[in-house]
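A note on names: the letters A, B, ... follow the listed sequences, proteins ahead of strands, and every chain is numbered from 1. All figures in this text were calculated on a predicted structure; none of them were measured in a lab.
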Number of protein chains: 2
Amino acid sequence: MVTLAEVAQHAGVSASTVSYVLSGKRSISATTRQRVEQSIRELGYHPNAGARALASNRSNIIALMVPLRTDMYVPVMMEIAIAVATTARTHGYDVLLLTGEEGPDAVRRVTGSGLADAMILMDVELEDERLPLLRQTDQHSVLIGLPADPNGLTCVDLDWSATGALCVEHLAGLGHRDIAVIGEAPAVYERHTGFAERTLDGLRSWARASGVRVLHRPCEGGYDAMALTLARIFDERPGTTGFVVQNESAVEPLLALLRQQGRAVPEDVSVVAICPDQVAVQASVRLTSVAIPAQEMGRHAVEHLVAKLDGRGDDDVVLLAPELTVRASTGPAPAAS
Amino acid sequence: MVTLAEVAQHAGVSASTVSYVLSGKRSISATTRQRVEQSIRELGYHPNAGARALASNRSNIIALMVPLRTDMYVPVMMEIAIAVATTARTHGYDVLLLTGEEGPDAVRRVTGSGLADAMILMDVELEDERLPLLRQTDQHSVLIGLPADPNGLTCVDLDWSATGALCVEHLAGLGHRDIAVIGEAPAVYERHTGFAERTLDGLRSWARASGVRVLHRPCEGGYDAMALTLARIFDERPGTTGFVVQNESAVEPLLALLRQQGRAVPEDVSVVAICPDQVAVQASVRLTSVAIPAQEMGRHAVEHLVAKLDGRGDDDVVLLAPELTVRASTGPAPAAS
DNA sequence: CTGAAAGCGCTAACAT
DNA sequence: ATGTTAGCGCTTTCAG
């Protein structure tokens, strides 16, 4: 293993000079710099991460806590994770992957051991048990998701409430008066995941304001569950002409069932999805949708974190504005029959 | 920050004793151990990761390289990643998340810096450019996926060739004579991803042996691409009654299109999928399928790696046996019309 | 069964 | 603009 000292010797300079060439923390004459860089290349030197972390008290690692359960938009999680990893690299950080399994203990462990300089938490619940710890230790962190009380925390999320409102606004604008919302699995609501409840709030308050009715039904994924849910919806509200779907694994079943029942999309019923663009485009009907900006969320989270670590920090909440893309699944409400 | 020295002082023992209590590398009297453990708890001590890595030359971190691209079955990747992370934790390791973006450089960086003790590579191509590096450095590693030449490497993978054979065996056993294979996107074959080509090999050689015909068509995901592909298949082989699908985003479109064309599953055509069980179960027809054992692959990979790190190593190739579950999408071939 | 002490490779004062 | 040096907190000989 090549050490800094060996590089220094090879280049005929002191250890600190090599260190400073690497860090750029003080000015080095061009010729010295070149000699050192040359030696580094020739010897194939790589700074030792452990030694660096010990001496500098910085690991250059960001911990990312992903949820253990996979009952949600897995591809979205993955996309966020990848965005976090690549963005982190551009800032000189690596990413440590933690699953939710350890729970709050993981926070203690990582904080206490100095394994990571900061952490990003995904899938934050409204009353998340990890939050008290984050507040009391002065661990730098960013949440992807918005808890009930974001005070003293930095959060990045899609503005779910605005997302819900946007969906209703679009449908109401097309003349739909009875809207059904196909939601996530009941478990998602039960554990008070912020995004699900906030979407609902946005949906309902815009509905109230614009005089349309919304009926919300959680739904497990899959064909059978969707069939049941759909039957109940039409049973209760036969006049339903608009759908908002926030459940990736219900999208295709819903379309198939509507087709099967002879309800044409968008002539008879309109469907707005809240899902990644890829899903909207690949569906059997190209779906009007509000995209989930996974990459931006990951990128924002890292950039905020790096800013904090560099002392340019600011505890605040960033809500990304939703964007609705009109595709082939929505149209004017049919004349009342 | 609490240090080992402080714990030692608090417990009235020397630093080394505390260290040995932690590592268990030499025997400690019960009373001493308890005093030390007590102090550790009272002071809330966490060993410093950097110092530990520096002194022991072990980081207790495993690097996991995931593919950057997301044109494949993302949930499988995620499931593997999570299985890797949780299994690693049970062995005292953390996981560093690397994207394929850096390519072979990441291998050098991680190896050279001692950031990780070992690495797991996913999405290995037949002639993967990272492999020469792995062979020449004595970096411990495990591949998830099987390259063309696994010599000197440890690999874990599903036995894709047997998987292909199993699918054909099942369909041929039911009397199907003309089988169409809906494959992954062309790009997947072009970059010579092992699993895709091996599945095909297995499919074809069993077909040859059992006297059935197979027609292979790669397919981009989605409804439109599937429609085109299906039309071409029936055009070329009107007598096709069996399908093997190895492309998650083609599954539901295929079922929908068959339904739409009045071909009943499984009465008129049978479908076998190669996909995670969850997909098979949630599809609009419960699919006979060969499962992709994501969790086992992740678990195996970690356990092999840990064995190697502990000197119990063995460079070898572990191919997991495929299992076919019969569900509602396959049945006897219809009498020739 | 326990202590003392020598580093591990690097960073960051403190010098000059 | 560069060199010297004192640690960072832990592991692990070497010595009892």
Mind calculating the distance between [atom1] ([X]) and [atom2] ([N]) to the nearest angstrom?
{"X": "A:N57", "N": "D:dG7", "atom1": "CG", "atom2": "P", "value": "16 Å"}
{"X": "A:L4", "N": "D:dG3", "atom1": "CG", "atom2": "P", "value": "12 Å"}
{"X": "B:I40", "N": "D:dC10", "atom1": "CD1", "atom2": "P", "value": "10 Å"}
{"X": "A:H46", "N": "C:dC10", "atom1": "NE2", "atom2": "P", "value": "12 Å"}
{"X": "A:L115", "N": "D:dC10", "atom1": "CG", "atom2": "P", "value": "13 Å"}
{"X": "A:Q9", "N": "C:dG9", "atom1": "CD", "atom2": "C1'", "value": "15 Å"}

Q: Take A:Y20 and A:M1, find for each the nucleotide of DNA chain C with the closest heavy atom, and name the residue whose nucleotide sits nearer the 5' end.
A: A:M1
Q) When the nearest nucleotide of DNA chain C is assigned to B:A55 and to B:A15 on a heavy-atom basis, which residue is associated with the more 5' position? A) B:A15
Would you indicate, yes or no, if [N] has its OP1 or OP2 atom less than 4.0 angstrom from a side-chain nitrogen or oxygen of [X]?
{"X": "B:S56", "N": "D:dT12", "value": "no"}
{"X": "A:S23", "N": "C:dT11", "value": "no"}
{"X": "A:R52", "N": "C:dG9", "value": "no"}
{"X": "A:T17", "N": "D:dA1", "value": "no"}
{"X": "B:S19", "N": "D:dT11", "value": "yes"}
{"X": "B:T3", "N": "D:dG9", "value": "no"}

(Q) Can you confirm whether the side chains of B:S19 and B:S16 place a donor and an acceptor under 3.5 Å from each other? (A) no
**Q.** Closest nucleotide among C:dG3, D:dG9, C:dT2 to the B:N48 side chain
**A.** D:dG9
Q) Which nucleotide in the list C:dG3, D:dG9, D:dT12 gets nearest to the side chain of B:K25? A) D:dT12
(Q) Taking atom CG as the centre, does A:D149 end up with more than 12 heavy-atom neighbours from other residues, nucleotides or ligands that are less than 6.0 angstrom away? (A) yes
(Q) Using a distance-only criterion (donor-acceptor N/O pair, under 3.5 Å, no hydrogens), is the base of D:dG3 paired with the side chain of A:R26? (A) yes
Q.
Please determine whether any donor N or O and acceptor N or O are separated by less than 3.5 Å between the side chain of B:S16 and the base of C:dA4.
A. yes
Q.
For the CD atom of A:Q136 and the OG1 atom of A:T111, what is their distance to the nearest 0.5 Å?
A. 9.5 Å
Q | Interatomic distance, B:L305 atom CG to B:H91 atom NE2 [nearest 0.5 angstrom] | A | 10.5 Å
Q: Step by step, work out the side chain to side chain contact (heavy atoms under 4.5 Å, CB included) result for A:Y45 and A:M1.
A: CA-CA 8 Å; A:Y45 168 72; A:M1 181 195 211; over 6 Å; no
